[in-house]
Amino acid sequence: MDTTKHDIHTLFAQLGLPNSETQIDEFIASNELQDTTLLQDAAFWDEAQQHFLAESLAEDGAWSEVIDELDVRLRQGK
């Protein structure tokens with residue numbers, strides 16, 4: 001049974017990115033998404049990150065809600 005806490009900090013850690021609040025805010029501020037770009041297709045992800053995001057969204061599993069939160073924040077630049 002997966003007991004991982006699924007929040008924005010653990011998502012960033014799962015993606016291999018720095019995951020402090022400041023680092024997350026800086027990442028979001030410097031990587032805004034356009035309305036026509038799917039989150040997993042953004043140019044700033046590497047192949048493994050893209051695969052993880054696409055697979056997690058397709059499964060509509062435990063990570064989906066926090067990935068959706070990241071998507072919204074990247075589109076708002078917040």
### Message
Determine whether Gln23 and Ser20 satisfy the following criterion, side chain to side chain donor-acceptor pair (under 3.5 Å), listing intermediate values before the conclusion.
### Response
CA-CA 5 Å; Gln23 292 166 317; Ser20 74; 2.9 Å; yes
Taking all heavy atoms of [X] and all of [Y], pick out the closest pair and write down the distance.
X: Leu33; Y: Ala42; result: CD2-CB, 3.5 Å
X: Ile24; Y: His9; result: CD1-ND1, 3.4 Å
X: Arg73; Y: Glu21; result: NH2-OE2, 4.2 Å
X: Ser64; Y: Ser56; result: OG-O, 3.2 Å
X: Leu53; Y: Gln40; result: CB-CB, 4.0 Å

## Note on the structure
CG of Leu39 to CZ of Arg75, rounded to nearest 0.5 Å, is 7.0 Å
### Message
Rounded to the nearest 0.5 Å, what separates atom CD in Gln49 from atom CG in Asp46?
### Response
4.0 Å
### Query
Has the side chain of Asn31 got a donor or acceptor atom that lies under 3.5 Å from a matching backbone atom of Phe27?
yes
### Donor-acceptor under 3.5 Å (His6 side chain, Trp63 main chain)
no
#### Entry: Given Ile67, Asp68, Leu74, Val72, the one that forms side-chain contact (heavy atoms from CB on, under 4.5 Å) with Leu70
Leu74
### Message
Distance alone, cut at 3.5 Å: any donor-acceptor contact between the side chains of Asp25 and Thr22?
### Response
no
### Query
Under a single-linkage definition using a 4.5 Å side-chain heavy-atom cutoff for Ile, Leu, Val, Met, Phe, Trp and Tyr, are Leu38 and Leu15 assigned to the same hydrophobic cluster?
no
### Message
Quick check: do Leu17 and Trp45 have side-chain heavy atoms less than 4.5 Å from each other?
### Response
yes
### Query
Heavy atoms, side chains only, cut-off 4.5 Å: are Phe12 and Val66 in contact?
no
